[in-house]
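Report on the structure given below.
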Amino acid sequence: MAGNSPDRGRTVSTVLGRRLGGELLRLREARSLRQSHAAEALTASVAKVAKIERGLVPIRDPDVRALCHLYGEVDPVVVGRLLAVAKADRERRKASGWWNQYPGLESMAEYVALEDIATALRTWQLAIVPGLLQTPDYARALAVGNGSWKDPDEIEPFVESRMARQARLGGDNPLELWAVVHEGALRQLVGGQQVMREQLGHLIEMSRQPNVKLQVMPYIAGAHPGMTSAFTIVSFAEPGALDVVHMDTTSSTLWLESDDDADRHQTLFDRMTRLALAQRSSAGLIHEIVKEL
């Protein structure tokens, strides 16, 4: 899905670039060094260092190592994480963007691009089945129910794009997906009973894949810390390696890019997994819901 692009390496801010640049800025300031010191270490201009720290340009592995050496960061785990994010950002910038052919994905282009190169997703969903686990009929019913399409003819390409995204769950290097879904999302009759029966059956089938974990947060769990919003933690190396957090609102997409935000949502997700049903019990509940339909 990735390839060369005519605008490869252009000056543009990316989520991963900002995440990496912010971490390098933190390390520099912790040593009370100026951008001129970093520029000297890289044999570059101060302007380039400023662009790196703002996430505007890609950064090569030797430059990451040089800055880590200058900043006194010798922990191989930390350096390895920075290198992993730098590599992921370079891949993101040169991606040809298969998703660009789908008109319904403009608002999600950055998220889909990152999903395409991510290693793992941990997602909490309150109201809907995660996109990577949706059937075509369920995705179509969601799109129709949304009611905000300027051109109804865009719905089918949107459904096709959602199915294309699901290719990340297969192949030689499949995405690791851990989803916690509220019971209410599984009982909401999106598209009617038949659509939901097929969707729930698909969830059970997908949960058997070794790279997919699915847990259900049951009604009987009562009040829990995830009641206010859904979110997805996107990882590009091992979980915790400079993760970013994605959240959708009714009018925009929100990216949370700091260590504190990532740690806070990881702690929240961990609590949700402990409150939710275990995987086997979750499958059992889904079976019961199918029977009720």
**Report entry** Leu203 reachable from Leu189 in the ILVMFWY side-chain graph, under 4.5 Å edges
**Finding:** yes
Query raised in the report: If we only count heavy atoms from C-beta on, is the Leu67 to Ile59 side-chain gap below 4.5 Å?
Result: yes
Query raised in the report: Under a 4.5 Å cut-off applied to non-hydrogen side-chain atoms, are Arg165 and Tyr111 in contact?
Result: yes
Query raised in the report: When you measure from the side chain of Gln215 to the backbone N and O of Val180, does any donor-acceptor pair fall under 3.5 Å?
Result: no
Report summary line: Between Gln125 and Pro130, the two heavy atoms sitting closest are CG-CG, 3.9 Å
Report summary line: By side-chain contact (heavy atoms from CB on, under 4.5 Å), Leu33 pairs with (sequence neighbours left out) Arg28, Arg31, His37, Leu70, Tyr71
Query - Backbone N/O of Ala278 and side chain of Ser282: donor-acceptor pair under 3.5 Å - result: yes
Report task. Please test His246 against Trp255 for side chain to side chain contact (heavy atoms under 4.5 Å, CB included), starting from the C-alpha separation and ending with a verdict. Result -> CA-CA 5 Å; His246 173 266; Trp255 288 99; 3.7 Å; yes
Query - Any side-chain heavy-atom pair of Gln279 and Ser207 under 4.5 Å - result: no
Report task. Would you indicate whether Arg197, at its atom CZ, is surrounded by more than 12 heavy atoms from other residues, nucleotides or ligands within a distance under 6.0 Å? Result -> yes
Report task. In sequence, state the C-alpha distance, the side-chain angles, and the governing distance for Leu256 and His265, and then conclude on side chain to side chain contact (heavy atoms under 4.5 Å, CB included). Result -> CA-CA 10 Å; Leu256 304 177; His265 282 81; 3.3 Å; yes
Query - Over 12 non-hydrogen atoms of neighbours within 6.0 angstrom of CZ in Arg187 - result: yes
Query raised in the report: Of the options Glu156, Glu160, Glu198, which is the one that meets Arg140 in a salt bridge (charged side-chain N to carboxylate O under 4.0 Å, His left out)?
Result: Glu156
Query raised in the report: If you take all heavy atoms of Ala41 and Ala66, which pair is closest and at what distance?
Result: O-CB, 4.4 Å
Requested in this report: Tell me, yes or no, whether the heavy-atom count around Gln188 atom CD, taken from other residues, nucleotides or ligands under 6.0 Å, exceeds 12.
Outcome: no
Requested in this report: Apply the test side chain to side chain contact (heavy atoms under 4.5 Å, CB included) to residues Val74 and Val79: give CA-CA distance (whole Å), side-chain angles for both, the deciding distance (0.1 Å), then the verdict.
Outcome: CA-CA 7 Å; Val74 296; Val79 176; over 6 Å; no
Query raised in the report: Which atoms form the tightest heavy-atom contact between Ala276 and Pro218, and what is the distance?
Result: CA-CD, 4.3 Å
**Report entry** Polar contact flag, side-chain donor to acceptor under 3.5 angstrom, Glu53-Gln35
**Finding:** yes
Report summary line: dist Cys68:SG -> Asp63:CG (nearest 0.5 Å) comes out at 11.0 Å
Query raised in the report: Are more than 12 heavy atoms from other residues, nucleotides or ligands located less than 6.0 Å from atom CG of Asp75?
Result: yes
Query - Charged N-O contact under 4.0 Å between Arg90 and Asp61 - result: yes
Query raised in the report: Which pair of heavy atoms, one from Arg162 and one from Gly131, lies closest together, and at what distance?
Result: CG-O, 3.7 Å
Query raised in the report: Are any of the side-chain heavy atoms of Gln134 and Leu142 separated by less than 4.5 Å?
Result: yes
**Report entry** Qualifying residue for side chain to side chain contact (heavy atoms under 4.5 Å, CB included) with Leu82, from Lys87, Glu23, Arg65
**Finding:** Glu23
Requested in this report: Kindly compute the distance separating NZ (Lys213) from OG1 (Thr273), expressed to the nearest 0.5 Å.
Outcome: 8.5 Å
Report summary line: Residues at least two apart in sequence or cross-chain that pass side-chain contact (heavy atoms from CB on, under 4.5 Å) with Glu29, listed by chain then number, are Leu25
Query raised in the report: Taking C-beta and beyond as the side chain, do Asp137 and Gln199 meet within less than 4.5 Å on heavy atoms?
Result: no
Requested in this report: Decide side chain to side chain contact (heavy atoms under 4.5 Å, CB included) for Trp124 and Leu268; before the verdict, give the C-alpha distance in whole Å, the side-chain angles of both, and the deciding distance to 0.1 Å.
Outcome: CA-CA 10 Å; Trp124 154 243; Leu268 176 58; over 6 Å; no
Requested in this report: Indicate the atoms forming the closest heavy-atom contact of Met247 with Ala230, along with that distance.
Outcome: CE-O, 3.7 Å
Report task. Tell me whether Val46 is reachable from Ile52 by hopping between hydrophobic residues (I, L, V, M, F, W, Y) whose side-chain heavy atoms are closer than 4.5 Å. Result -> no
Requested in this report: Evaluate the side-chain proximity of Gln193 to Met196: yes if any heavy-atom separation is below 4.5 Å, no if none is.
Outcome: no
Query - Pairs satisfying side-chain hydrogen bond (donor to acceptor under 3.5 Å, both in side chains), at least one member in residues 217-232, at least two apart - result: Thr123-Thr232
Report task. Determine yes or no for a side-chain-to-main-chain donor-acceptor pair under 3.5 angstrom, with Asn211 supplying the side chain and Leu175 the backbone. Result -> yes
Query raised in the report: To the nearest 0.5 Å, how far apart are CZ in Arg60 and CG in Leu83?
Result: 12.5 Å
Query raised in the report: For the residue pair Leu27 and Glu73, what are the closest heavy atoms and their distance?
Result: CD2-OE1, 3.9 Å
Requested in this report: Please check if the side chain of Tyr138 supplies one atom and the backbone of Val129 the other of a donor-acceptor pair under 3.5 Å.
Outcome: yes
Query - Min side-chain heavy-atom separation Met217-Met272 under 4.5 Å - result: yes
Query raised in the report: Are side-chain heavy atoms of Gln194 and Leu293 found at a separation under 4.5 Å?
Result: no
Query raised in the report: Going from OG1 on Thr119 to CG on Asn173, what distance comes out if it is rounded to the nearest 0.5 angstrom?
Result: 8.5 Å
Query - Identified side chain to side chain contact (heavy atoms under 4.5 Å, CB included) counterpart of Leu186 within the set Leu285, Val181, Ile128 - result: Val181
Query raised in the report: Charged N to carboxylate O below 4.0 Å: is that the case for Glu115 and Arg168?
Result: no
